[in-house]
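Have a look at the structure below, then the notes.
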Protein chains: 2
Amino acid sequence: MSVTIKDIAKKAGVSITTVSRIMNNKSEGIRKETCEKVLKVIEELNYKPNSIARSMITKKTNTIGLVIPDIRNPFFPELVRGVEDVANNAQYTVFLCNTDSSHRKETDYLTIMKEKNVDGIIFSGPQETQSKEFYQTVQEYEIPVVLLDRGQENRDFGGVYIDNEKAGYLATKHLLELSHRKIGCITGPANIPNSNERFKGYTKALSEFQVPIDDSIIITGNYLMEGGYQAAKTLLKEKDVTAIFAFNDLMAFGVYQAAVELGINIPNDLSVVGFDNLTYNQLLIPKLTTIEQSAYKMGEIAATMLFDQINNKNISKEQVFMEPKLIINGSTKEFS
Amino acid sequence: MSVTIKDIAKKAGVSITTVSRIMNNKSEGIRKETCEKVLKVIEELNYKPNSIARSMITKKTNTIGLVIPDIRNPFFPELVRGVEDVANNAQYTVFLCNTDSSHRKETDYLTIMKEKNVDGIIFSGPQETQSKEFYQTVQEYEIPVVLLDRGQENRDFGGVYIDNEKAGYLATKHLLELSHRKIGCITGPANIPNSNERFKGYTKALSEFQVPIDDSIIITGNYLMEGGYQAAKTLLKEKDVTAIFAFNDLMAFGVYQAAVELGINIPNDLSVVGFDNLTYNQLLIPKLTTIEQSAYKMGEIAATMLFDQINNKNISKEQVFMEPKLIINGSTKEFS
DNA sequence: TTGTATGCGTTATCAT
DNA sequence: ATGATAACGCATACAA
């Protein structure tokens, strides 16, 4: 059996109130001797307060939920770490919840977070089609929520995103300025809003350069390496694109593999632009031209926003859009 | 204010005991009508039981702590996911704790896990030098613990590891069989047991082939890409090794970068063996010969062992050693 | 400066 | 088949 506040009180010969006060640094009106005596007993018995019992009274658990699609997607570890560092600093602990973007898992975890009385939730990923139900549930639960990276189409919650449309625009424009005109596009899964936004940027840039949009070189991807590989094979074998814009680095990595396999040289025969600027980009030869998203920073900002809501009890709907940055590396080259 | 069991009881016109019974599927001795009536109210009010209050009584939180060095190290996402999948299946939620292998953070998180009354802890990383204190604390806390990937030198706890010595042996032997004799070695940080074990395997293989151990081509690394890069620069510029065994893939990736920079061709001028078989291995040209650790599976096994301890209240000290597997790819070649 | 008593939302024990 | 009540470990209003 664990040692409780009662044990301390008894052994120190004081009331539990006194012990409680000392534990919570409310020792103002307490005699020095008493304080020392109690502290000594606490030390001796190595007493750790039961935060569960404390939560029952205070209605605070010092715990937040972090709900993401999949930690194995290399975009998320950085983001998670940014959240955790801020949380840890604020004396909070983080529940990690992987949903695989499954509606069931998202809902399940939401319920669990409610039941576990987390003080707030950072959520990355609710699908557009399921948004209404999601938002209804969250609001009913009355838990502060900050959306992260995905969910920008919903203005009912605070969130941190990058400006996906602008990012898509910058990437495409870069290729256009290098005289590419047949620019293949490997998008994210259908109906993923951030993919849609990136696609808007793609079409906007094409329009500006008066390049007609060719549906046959636009392929719906899945944000996975394998998906990029498959899409690239189609684009490179059946269509003769001179450039490919993949909506994330993982798929761009797949493009590299397809290129190697087909004996196509990057960047001489094919220019490639990715999205994320993952660390592993450094492994590629040539390095990938890509859009930088500072995932760690996004995590930090989201967590900071959440704690602001928690501490000040103000439900904020502020939406922060990070400025995307084009990182030009060796995978893009003037078309001639 | 959230809706509680009292609200349900009142609205349904029954006692809270009845509601509780129904919530916990102890509805054996309850009339069908009553049951339906209560269920309906629960549905109507969207009642979710407060698991905090429940934990106070049951002494179970259905929560485990997962303590790792850093989720950004690409070895860990797989491992974390393995743990989470098993946990989620068993109706458990996971606290993710990054320690950066810092003694202070490890201790802090241990205390926090105790305070939060987790039902068990999966711990990856306690430093050898700090083990005694760690193990004392854990045992005092009386929380089931399973060690994961790091900590194999301690037989007081159950754990899941790979057979690091054998792995080191296999990797080195492979190079020796390819006629390499000047085999540089980039280890993990000093005093990290798994690195020491791998090193044992390295020396064992060398001995078997009667190759003397040359301290000048053994460099202490840090398990990071940058560290591998620096070490490789030294090895390649000042010593003329024909092969390098890096104690993890991340450092091997650094070796690739150094080689590119120095105009050294892999595998023609230099053979490289890594350790981990990270997914990103596929991006390298040539692909890296390496040791496979199935991190996901290790996570699964560790979690399963932990739940076994939790459910059966048997403190097991079983140590599972996964069989390492040498994956031969294009980065190693016969020396001539 | 310190202590008593109440209550947080459940489950469990014992009645009825 | 159902209910009243104690208990879990703590924080807090109020008392002394």
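Order of the sequence lines fixes the chain letters, A, B, ..., with proteins taken first and strands second; residue numbering starts at 1 for each chain.
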### Query
Have A:Asn98 and B:Glu84 got a donor and an acceptor in their side chains that come within less than 3.5 Å?
yes
### Message
Classify A:Thr34 by what it touches in the nucleic acid, base, sugar-phosphate, or nothing, heavy-atom distance under 4.0 Å.
### Response
sugar-phosphate
### Task
Give, for atom CZ of A:Arg155 and atom CD of A:Gln319, the distance between the pair rounded to the nearest 0.5 Å.
4.5 Å
### Message
Please find the pair of heavy atoms, one from A:Ile52 and one from B:Ser55, that lie closest to each other, and give the distance.
### Response
CG2-CB, 4.2 Å
### Query
Salt-bridged, A:Lys11 to A:Glu44, with N to O below 4.0 Å?
yes
### Query
Is it true that B:Lys313 and B:Asp308 have a side-chain N and a carboxylate O under 4.0 angstrom from each other?
no
### Task
Output the residues of residues 8-24 of chain B in contact with DNA chain C, where contact means a heavy atom of the residue under 4.0 Å from an atom of the strand; sort by number or write none.
B:Ile16, B:Thr17, B:Ser20, B:Arg21, B:Asn24
### Query
Would you say a side-chain N or O of A:Tyr47 is under 4.0 Å from OP1 or OP2 of D:dG9?
no
### Task
Could you tell me if the ring centre of B:Phe134 sits under 6.0 Å from that of B:Phe123?
yes
### Task
Check the distance between D:dC10's C1' and B:Lys59's NZ and give it to me in whole angstrom.
11 Å
### Query
So, do A:Tyr223 and A:Phe75 have ring centers that fall under 6.0 Å from each other?
no
### Query
In whole angstrom, what separates A:Asp7's CG from D:dG9's C1'?
11 Å
### Query
Is the backbone N or O of A:Phe307 less than 3.5 Å from a side-chain atom of A:Asn311, with the two atoms forming a donor-acceptor pair by type?
yes
### Message
Treating B:Ser51 as the side-chain partner and A:Glu115 as the backbone partner, does any N or O pair qualify as donor plus acceptor under 3.5 Å?
### Response
yes
### Query
Between D:dT5 atom C1' and B:Ile57 atom CD1, what is the distance in whole Å?
12 Å
### Euclidean distance, atom CD1 of residue B:Ile5 to atom P of D:dT2 [Å, nearest integer]
15 Å
### Task
Assign A:Ser51 to base, sugar-phosphate, or nothing according to its heavy-atom contacts below 4.0 angstrom with the strands shown.
nothing
#### Entry: Outermost nucleotides of DNA chain C that come under 4.0 Å of a non-hydrogen atom of chain A
C:dT1 to C:dG9
### Task
Can you tell me the distance, in whole Å, between the CE atom of B:Met56 and the C1' atom of D:dA6?
13 Å
